[in-house]
Number of protein chains: 2
Amino acid sequence: MGAATRERIIEAGSILFRRQGYAGTGMKAIAAAAQAPFGSIYHFFPGGKDELTGEVIRAAGRVYGALVPRFFDGAPDTAVATRCAFRGAAETLRDCNYADACPIAAVALEVASTNEPLRLATAEVFAHWVGGLTARYEGAGLAPAVAHRLAVSFVSMLEGAFVLARASKNAQVVEDAGEIMFEAVRAALDKAAE
Amino acid sequence: MGAATRERIIEAGSILFRRQGYAGTGMKAIAAAAQAPFGSIYHFFPGGKDELTGEVIRAAGRVYGALVPRFFDGAPDTAVATRCAFRGAAETLRDCNYADACPIAAVALEVASTNEPLRLATAEVFAHWVGGLTARYEGAGLAPAVAHRLAVSFVSMLEGAFVLARASKNAQVVEDAGEIMFEAVRAALDKAAE
DNA sequence: GTCTATAATTTGATAGAC
DNA sequence: GTCTATCAAATTATAGAC
């Protein structure tokens, strides 16, 4: 069951990082949350906290990147899918009492100026998310530059709305932000259809 | 010159918090950056790290809230002012090599689930910024609900774009986000003028 | 692979001389 | 008010028994 322990450690890191950030989360706290012996962390991650954090970042990139098809497949159009994604995020935030938003945003801000390998890991995840969204907007008929700009704004808006929503314990921020993004995508689609 | 020392400590905290976050910044590092003796921190902030952090948060709220008039006074209209604000932020980010974005975003994410007094302090600052922007959009003739939604989206978009820009060391994200916000404000103004 | 004990540092905070 | 020395606790990481 070694694999299960390793997975539990990554999952525990993901949960604690999004609630307390990178520096605020100790290796012992991760081991305790994963119900794993402290030594197991260094067995599975000989590179220590940096290696573990890198794995948490990449795992979050895969998990949250996989949400894009969930919202965009079968939606009437990409504008509606965009709004649904923000509404879904708002509901999720309320359900967890604003504890679990993005697993890597706090880490990204902490390591951007202090840890180059981890900064690159977060940059790759954001680029992956932006790429997935760009493909959807392009598939809806938007020019590549327009699609990319909307995708960048989608991720930026959601990440920023998470910051305000967690601070205020009010998810209406996320819905307001989603409404603006909905209108932006709708306007781009209308313009492309002219 | 006691006041000067106190100000230097707050300024040092503001710089270190935005680069390393709350938990990642030690009191000794703040004292060193402020060129103040370690004991002076506890002389001026008997409440310790929490009291100092609260002051840093509130100071950032005043300083950055004062930027709103800078961009909106004298601008042709609020849509252009919105875009100018994002372009200015992008330029500032490039000039500091992506080190200094928002002083409280990282802190806000770290304390939201762990420190209720500091969470409230960050929430009040975000509300102050949103309020200042809402007043500008209302002053431009937009309905209160529309103005508020645009103001919330302004702050969310900028905060989120900061996260992506710092991670990727690319300020184009901020300009792309500003273009979307420009178009959103422009569309709202056009609709209100019908 | 699991688990404990511990090393070496660093943390926030305090005491007290000057 | 300034500054140093120091405390107790927490940190990352390692060694080594089982």
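Just so you know, these numbers use all the heavy atoms, side chains as well, and skip hydrogens, waters and symmetry mates.
- The distance between atom CZ of A/Phe45 and atom P of C/dG1, rounded to the nearest whole Å, is 12 Å.
- For the pair A/His43 NE2 and C/dT4 C1', the computed distance is 16 Å after rounding to whole Å.
- Residue pairs meeting the ring-ring contact (aromatic ring centres under 6.0 Å, His included) criterion with at least one partner in residues 82-122 of chain A, sequence neighbours excluded, are A/Phe86-A/Phe154.
- Per the geometry, NZ belonging to A/Lys28 stands 7 Å off P belonging to D/dT11, to the nearest Å.
- Residue pairs meeting the ring-ring contact (aromatic ring centres under 6.0 Å, His included) criterion with at least one partner in residues 99-121 of chain B, sequence neighbours excluded, are absent.
- Contact check of residues 32-42 of chain B against DNA chain C (heavy atom, cut-off under 4.0 Å) returns B/Phe38, B/Tyr42.
- Residues forming a salt bridge (charged side-chain N to carboxylate O under 4.0 Å, His left out) with A/Arg94 (at least two apart in sequence, or on another chain): A/Glu175.
- Checked against salt bridge (charged side-chain N to carboxylate O under 4.0 Å, His left out), A/Asp77 has the following partners two or more places apart in sequence or in another chain: A/Arg186.
- Note that CD1 of B/Ile9 and CG of B/Leu52 are 7.5 Å apart. Values are rounded to the nearest 0.5 Å.
- The salt bridge (charged side-chain N to carboxylate O under 4.0 Å, His left out) check on B/Arg83 picks up B/Glu179, with sequence neighbours excluded.
- Separating the CD1 atom of A/Ile30 from the C1' atom of D/dA10 is a distance of 15 Å, rounded to the nearest angstrom.
- Listed by residue number, the members of residues 11-26 of chain A with any heavy atom below 4.0 angstrom from DNA chain D are A/Thr25, A/Gly26.
- With rounding to whole Å, A/Met27 atom CE is found 23 Å from D/dA9 atom P.
- In this view, B/Val146 and B/Leu142, B/Ala143, B/Leu150, B/Ala188 satisfy the side-chain contact (heavy atoms from CB on, under 4.5 Å) rule, not counting sequence neighbours.
- Nucleotide D/dT11 holds its P atom 17 Å from the CG atom of A/Asp50, rounded to whole Å.
- In this structure, the nucleotide among D/dT2, D/dT12, C/dT2 sitting nearest to the side chain of A/Thr5 is C/dT2.
- The CG atom of B/Leu52 sits 15 Å away from the P atom of C/dT11 (whole-angstrom rounding).
- Qualifying ring pair (Phe, Tyr, Trp, His ring centres under 6.0 Å) partners for B/Phe71, counting only residues two or more places apart in sequence or in other chains: none.
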